[in-house]
2 protein chains.
Amino acid sequence: MLNERSLAVHNDCEECPIRHRAVCARCETDELERLEEIKYYRKFEAGQTVIWSGDRMDFVGSVVSGIATLTQTMEDGRTQMVGLLLPSDFVGRPGRATAAYDVVATTDLVMCCFRRNPFEEMIAHTPHIAQRLLEMTLDELDAAREWMLVLGRKTAREKIASLLSIIARRDATLNMQGADGPRTFDLPLTREAMADYLGLTLETVSRQMSALKKDGVIHLEGKRHVTVPDMDRLMEEAGDDSDGGMLV
Amino acid sequence: MLNERSLAVHNDCEECPIRHRAVCARCETDELERLEEIKYYRKFEAGQTVIWSGDRMDFVGSVVSGIATLTQTMEDGRTQMVGLLLPSDFVGRPGRATAAYDVVATTDLVMCCFRRNPFEEMIAHTPHIAQRLLEMTLDELDAAREWMLVLGRKTAREKIASLLSIIARRDATLNMQGADGPRTFDLPLTREAMADYLGLTLETVSRQMSALKKDGVIHLEGKRHVTVPDMDRLMEEAGDDSDGGMLV
DNA sequence: GTCCCGTGTTGATCTGGGTCAAAGTACATC
DNA sequence: GATGTACTTTGACCCAGATCAACACGGGAC
C-alpha cells in the first residue's frame, strides 16, 4: 500500500509509479535503459480479473491508475480482501512464480509491469531497487498489521469509519487536497467489497453507513459520493489515536 | 515470520538466525567482519518487554531462542497481537527510528541484534542482505495477510484450530519432527495471549479448546501440553484448504 | 415506455461469541 | 500445612452482527 512518503516519490514520475527514474537516480544509464526495456503496460476494465490465485505470474508491476483488490477465498466461498491497491502500489513478488491472491480490477485499471525474470536480475545487481522494494514491502506489512487490529478488535461502526478514513486520506493525498477542512470523494468499492475488506456482511455495512450518515459523521449523495465534514470526528469514530496512522 | 525455506537457511548458522554467514557467502571478508562487529546479544526473561511502541529503537535483530509477540493496543485497552516471533524471525525496520509495536518476550528470549545505523549502511552496499531482508519481509507480509483471513472470516473454533496448526507445524519444523503422525508440543501462549492473537476473549478460547478436546481433535495434558493425533483433521477444522499454507 | 438486473436499504429474527460471575488448579512463598 | 497469585475452566445471560426476506433505486437493452 502506500503512505505519504511513497506517494511523494510517486509524484516524481507520473507515468510509472514504481518510479524507476527515482530508484535509478543513482544508477548507471544502462540500468535505466534495461528497466525501460522490460517494462510494458496492461489495461483492465472494471470488474476484470488481473490474475487468479495459483496462476502462473511472470510479471511484477504497480498500479498506474485505477483501483484493484487482493482477495483470498475459502472453499465454502467466504472471502477476505487482504489488500486494496491504489495508484503506486506494487503487485507481485520477486522470487515467486505463482500468484498468492486473486487480483481484481474494481475500476478501470492501468498497470505498469516488468517481466519477472529480468526484474529479479536487476534487483540482484542494483541495491537501490532492492532497498526501495524493501521499503515498500515494509510499508505494506505495517498496513496489513494495522488492518489486523481493525479486523480483530474493532466494532462494525469503527471498521466502517476506519475504511472511510483511509480512503479519504489516500484520496486527498492523490488529489493534493489540503489536509484540513471537509473532504469529498467517491467510494471505489461496492458495499459487498467493503464488507469483504472489513470482515462484515454487506447488510451490516449498509446499516452502519446509514447510521454514520444519520449521526452527521458523513454525508451521502447517491450511494457512492461521500463528504466528510470533519475528519477528526471520523477518526474518532474509527477509534484511531489522534495521529491516525498511515494505514493502507 | 518464517517458513520452511527460511528455517532451512537458519540452520546454516545456529547462533545467529539472520544467518549473516549465509547472507555473506558471496560477500567480501571485510563485510563479514563488519557484521560481526556491530552484532551483540540481548537476553530477556519471560514476561519482560523488549520495547514499547513509540520508543526509540536503534537496533534491528532476530530471535535466536524463545518466543516474543508483537502487539498493538487501542486507548481503551483492546489489544491485538499482530505477530508471533519464533526463532529466526526478524524484528525491527531499517529506516525507522521508533518501534511501531510492543514487543514482549513470552518465554525466556535471546535476540541477536545489530546496531541500526551501521546495519542500514551495510544494506545499502550489500545487495544480498537487502535481498534477503526483502524475502523475509515478503514472507511476513504473506503471513499477515493469511492471518487477515483468519481474523475476518473464521469462526472461533476455526481460529483456534488455525493457531494450533501453525504452532504444531512450526514446532515440528524447529524440532525436525517427521511430517506425518501425531504431533506433541507445548503451547507457548497463555489463553489470554491466544485470545489477543485470534481476536477473541480468553473465555471463548478456553471453551473452544475444551470443545476440540472433547471432540478428540486434540489431547490436553495439563493446560499447555498439546497432542494432535491427526494433523489433517486439525487442518480440516481450521478450514484450510489441503496444503495448509505456510502461515506465520 | 417496461423489463431486467446489479446494487443498496431496511426490517424481523436468530445466534456465536462477548460479558459477568464464580469456582478450580498449579505453583510459589511463608 | 496455609495463603496467595496467576492462570484456567465453566455457567448464565445478553447483544452485536449474521441471516433471511422484502423492497427500492437506477440505468441499460429492447
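Every heavy atom of this structure was used, including side-chain atoms; hydrogens, water molecules and symmetry mates were not. In what follows, every chain begins at residue 1, and chains take the letters A, B, ... in the order their sequences are listed.
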**Q** Between C1' on C:dT10 and NZ on A:Lys213, what's the gap in Å once rounded to a whole number?
**A**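 Going from NZ in A:Lys213 over to C1' in C:dT10 covers 13 Å.
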
**Q** Within this structure, what is the NZ-to-P distance between B:Lys223 and D:dC7, rounded to whole angstrom?
**A**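 Going from NZ in B:Lys223 over to P in D:dC7 covers 13 Å.
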
**Q** In whole angstrom, what separates A:Leu220's CG from D:dC25's P?
**A**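 It is 16 Å, rounded to the nearest whole Å.
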
**Q** Please step through salt bridge (Lys or Arg N to Asp or Glu O under 4.0 Å) for the pair A:Glu203 and A:Arg207, ending with a clear verdict.
**A** CA-CA 6 Å; A:Glu203 292 95 329; A:Arg207 272 186 250 276; 6.0 Å; no

**Q** How long is the gap from OG1 on A:Thr73 to CE on A:Met81, to the nearest 0.5 Å?
**A**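 These two atoms lie 10.5 Å from each other.
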
**Q** Could you measure the distance from the CD atom of A:Glu45 to the CG atom of A:Leu109? Nearest 0.5 Å is fine.
**A**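 It comes to 11.0 Å.
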
**Q** With a non-hydrogen cut-off below 4.0 angstrom, is B:Leu202 in contact with a base, only sugar-phosphate, or nothing?
**A**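 Answer is base: heavy atoms of B:Leu202 come under 4.0 Å of a base.
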
**Q** Starting at atom CZ of A:Arg207, determine the distance to atom P of D:dC15, rounded to an integer number of angstrom.
**A**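 Interatomic distance, CZ of A:Arg207 to P of D:dC15: 18 Å.
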
**Q** Heavy atoms under 4.0 Å, any strand shown: does A:Arg224 hit a base, just sugar-phosphate, or nothing?
**A**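 Sugar-phosphate contact only - A:Arg224 comes under 4.0 Å of backbone atoms but never of a base.
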
**Q** If each of A:Glu203 and B:Glu203 is mapped to the nucleotide of DNA chain D with the nearest heavy atom, which maps nearer the 5' terminus, i.e. the 5' end?
**A**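 The residue closer to the strand's 5' end, by nearest nucleotide, is B:Glu203.
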
**Q** Please work out which of the three classes, parallel, tilted or perpendicular, describes the rings of A:Tyr197 and A:Trp147, given edges at 30° and 60°.
**A**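 Parallel: the ring planes of A:Trp147 and A:Tyr197 meet at under 30°.
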
**Q** First locate atom OH of A:Tyr101, then atom OG1 of A:Thr69, and finally report the distance between them rounded to the nearest 0.5 Å.
**A**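 The OG1 atom of A:Thr69 is 13.0 Å from OH of A:Tyr101, to the nearest 0.5 Å.
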
**Q** What is the distance, rounded to the nearest whole Å, between atom CE of B:Met209 and atom C1' of D:dT8?
**A**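 The answer, rounded to whole Å, is 11 Å.
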
**Q** Per the atom types in the model, does the base of D:dG17 pair as donor or acceptor with the side chain of A:Arg157 at under 3.5 Å?
**A**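 There is none.
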
**Q** For nucleotides 13-16 of chain C, give me every protein contact, N/O to N/O, under 3.5 Å, one pair per line with atom names.
**A**
none

**Q** Is there, by distance only and without an angle test, a donor paired with an acceptor across the side chain of A:Arg191 and the base of C:dT10 below 3.5 Å?
**A**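 Such a pair does not exist between side chain and base.
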
**Q** Would you indicate whether B:Glu192, at its atom CD, is surrounded by more than 12 heavy atoms from other residues, nucleotides or ligands within a distance under 6.0 Å?
**A**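 Result for CD/B:Glu192: open.
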
**Q** Rounded to the nearest Å, what distance is computed from the CG atom of residue A:Leu189 to the C1' atom of nucleotide C:dT7?
**A**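 Interatomic distance, CG of A:Leu189 to C1' of C:dT7: 14 Å.
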
**Q** At less than 4.0 Å, is any side-chain N or O atom of A:Thr204 found next to OP1 or OP2 of D:dA18? Yes or no.
**A**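 For D:dA18, OP1/OP2 do have a side-chain N/O of A:Thr204 under 4.0 Å.
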
**Q** Under 4.0 Å between any heavy atoms, over every strand shown, what does B:Thr201 touch: base, sugar-phosphate, or nothing? Just pick one.
**A**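 Base contact - B:Thr201 has a heavy atom under 4.0 Å of at least one base atom.
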
**Q** Is B:Ser206 touching bases, backbone alone, or none of the nucleic acid, heavy atoms closer than 4.0 Å?
**A**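 Counting heavy atoms under 4.0 Å across all strands, the contact made by B:Ser206 includes a base.
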
**Q** Need one value for B:Gly199: base, sugar-phosphate or nothing, where a base atom within 4.0 Å counts as base even if backbone is also close, heavy atoms only.
**A**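 Answer is sugar-phosphate: B:Gly199 comes under 4.0 Å of backbone atoms only.
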
**Q** Please determine whether a side-chain nitrogen or oxygen atom of B:Ser210 lies at a distance below 4.0 Å from atom OP1 or OP2 of D:dT10.
**A**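 Yes, B:Ser210 has a side-chain N/O under 4.0 Å of OP1/OP2 on D:dT10.
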
**Q** Starting at CG of B:Asp89, measure out to OG of B:Ser62 and round the result to the nearest 0.5 Å.
**A**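 Answer for the CG-OG pair, B:Asp89 versus B:Ser62, is 8.5 Å.
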
**Q** Rounded to whole Å, how long is the line connecting atom NZ of B:Lys214 with atom P of D:dT9?
**A**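 Value for this atom pair: 15 Å.
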
**Q** Rounded to whole angstrom units, what separation is found between the CG atom of B:Leu151 and the P atom of C:dG17?
**A**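 Nearest whole value for this atom pair: 13 Å.
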
**Q** Do B:Asp240 and B:Lys154 come close enough that some side-chain heavy atom pair is under 4.5 Å?
**A**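 Yes - at least one pair of side-chain heavy atoms lies under 4.5 Å apart.
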
